[in-house]
Amino acid sequence: MQSTSIMLEVKHIRANQKEYVQALKKRNFEADSVFEAILNLDERRRSTQKKLDEILFESNSLSKEIGMLFKSGEAEKANAAKVKTAGLKEDSKRLGEEMGDVATELQALLYQVPNIPHPSVPAGKSEEDNEEIFSEGEIPILSKSALPHWELAKKYDIIDFELGNKITGAGFPVYKGKGARLQRALISYFLDKNTEAGYNEVQVPLLVNEASGYGTGQLPDKEGQMYHVGNDDLYLIPTSEVPLTNIYRDDLLNFKDLPIQLTAYTPCFRREAGSYGAHVRGLNRLHQFDKVELVNLVKPDDSYQVLDAMVEHIKTILRELKLPYRILRLCGGDLGFTSALTFDFELFSTAQDRWLEISSVSNFETFQANRLKIRYKDVDNKKALIHTLNGSSLALPRVLAGILENYQTDEGIVIPEVLRPYAGFDKIS
RNA sequence: GGAGAAAUGGCAGAGCGGUCGAAUGCGGCAGUCUUGAAAACUGUUGAGGGUCACACCUCCGGGGGUUCGAAUCCCUCUUUCUCCGCCA
């Protein structure tokens, strides 16, 4: 595990203990005892540090003295002074170890605390309690012969699930012909839209180390979600958020550099342990899928405005694709561990008669920046943690599923107009 | 994969056992000069902890060791560069 410094957030916990406990109740997290333990440990950390500092000061001064004595030829006196250092050495070693233990314990506790939900987050237990805040797009009326996307995929031979089973296993489909081409068209279209909106396109590694996993909060919380490459102790990314946000790990940025807006296309890998059954059919849930991601690093004061802008940006894309969707504000129970406020975009899958999540847009405030130690220096030279945000724009398979299902006609699948220049065809038949 | 060399502040680059948190140059910031700018000159300029503020402590790739004392010596890991081999 990486040796992140003691979290700066302890300060905030101490200052806002009551409010935080209250807010965390919304996500059904009882923080009382953890906070108690954290504050006690922090107290102990500081007192131990103080004692250690004093001893080190003493032994530093003694060493300097000894040096001077040797220089001036007073070897006897010097040797006498040496004797005194033995006890100090022992004490400092003991206190040093104690410091290490306290710090490790403190960090372990801090890692257990999820992000403090934004005031607008509704209380709630599960996805049932998410709040729909917007919806748009016409739900097409399909003919009686309409098929779910996995049937369409077979009918037009554009996605082969069985082939994926053979090569790898369930959840690794093979896209073929116009299916592959359409997938590529979507990726290019999304990236172009993001670039137009001011995002900087980057390509990132698909394997990340442990430190990166801790930085964005996948570790230790979601250890089992990621594929782990044991030989080299690396993880396959579950989302490009991980490498993207870790680009700036341990950095002290200048306020002039902000906002930093990144977009990337990557495959994503998720073990999805424990999720089986009919609702994961076809493209609904995969172990490997493509996604175009947005990441924003901003000054704290700007983050909620940027969150809104991200939501608007994704709306624009879905509007252009003419797909029916809705936006949910996640309730405390459904909110991710690292997020303070999340909006989910769901696409209506007409042939399946259900909503599919295609984007999740979150403000992490300082939660990730704290773990990643991404700070910035403001105009007045004050240093503070930045805010990080991310969102999908968009997750490919479900968008593809939505297009296949919602755009199906008796003559074949019509390609949404905006995608035609990218795809090079206007129909799959 | 084999053989060598190296890792120091935003960058470049000294220091190789004792006031070294670190010379010097560039860059950055502030000021003087200027109608304004450039140039020149002057000053200032790493990070974290701690404190009301000082004091004080820690950090010269990571970890460990030797020593009263380590950027400097030893071990180890990682990374980078050069040469060789292999290769998309």
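Proteins come first, then strands; the chains are lettered A, B, ... in the order of their sequence lines, and each starts at number 1.
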From U58(B), A47(B), C56(B), pick the nucleotide closest to the side chain of Arg375(A)? A47(B)

Among the candidates G49(B), C57(B), C68(B), find the nucleotide nearest to the side-chain atoms of Leu56(A). C57(B)

Taking any heavy-atom pair under 4.0 Å as a contact, classify [X]: base, sugar-phosphate, or nothing.
X         : result
Lys377(A) : sugar-phosphate
Thr85(A)  : sugar-phosphate
Lys383(A) : sugar-phosphate

Looking only at side-chain N and O atoms, does [Y] offer a donor or acceptor that is under 3.5 Å from a partner on [X]?
X         : Y         : value
Tyr20(A)  : His12(A)  : no
Glu36(A)  : Asn40(A)  : no
Asn390(A) : Gln368(A) : no

Distance between the [atom1] atoms of [N] and [M], in whole angstroms?
N      : M      : atom1 : value
U35(B) : A22(B) : C1'   : 44 Å
C57(B) : U67(B) : P     : 23 Å
C83(B) : G27(B) : P     : 33 Å
U34(B) : U44(B) : P     : 24 Å
G21(B) : A30(B) : C1'   : 23 Å
G13(B) : C26(B) : C1'   : 11 Å
A55(B) : U45(B) : C1'   : 23 Å
G18(B) : C84(B) : C1'   : 44 Å

Output yes when at least one side-chain N/O atom of Asn60(A) is less than 4.0 Å from OP1 or OP2 of U58(B), else no. yes

So, OP1 or OP2 of G69(B): does either fall under 4.0 Å of a side-chain N or O from Lys89(A)? yes

Please determine, for [N], whether a Watson-Crick or G-U wobble partner exists with both distances under 3.5 Å, and give it or none.
N      : result
C16(B) : none
U79(B) : A6(B)
U32(B) : A40(B)

Pairwise distance OG(Ser188(A)) to CD(Gln183(A)) - rounded to 0.5 angstrom: 11.0 Å

Taking atom P of C57(B) as reference, at what distance in whole Å does atom CZ of Phe57(A) sit? 6 Å

If you pin Met68(A) and Lys50(A) to their nearest nucleotides in RNA chain B, which one's is more 5'? Met68(A)

Could you go over nucleotides 26-31 of chain B and give all protein N or O partners under 3.5 Å, atom names and distances?
none

Over 60° means perpendicular and under 30° means parallel, so tell me whether Tyr227(A) and His287(A) are parallel, tilted or perpendicular. perpendicular

Chi angles and distances behind the side chain to side chain donor-acceptor pair (under 3.5 Å) call for Tyr189(A), Glu320(A): CA-CA 11 Å; Tyr189(A) 165 66; Glu320(A) 282 192 7; 2.7 Å; yes

Taking distance alone, no hydrogens or angles, what donor-acceptor pairs closer than 3.5 Å link side-chain atoms of residues 418-429 of chain A to residues at least two apart or in another chain?
{"from": "Arg420(A)", "atom 1": "NE", "to": "Ile415(A)", "atom 2": "O", "distance (Å)": "2.8"}
{"from": "Arg420(A)", "atom 1": "NH2", "to": "Ile415(A)", "atom 2": "O", "distance (Å)": "3.0"}
{"from": "Tyr422(A)", "atom 1": "OH", "to": "Asp192(A)", "atom 2": "OD2", "distance (Å)": "2.6"}

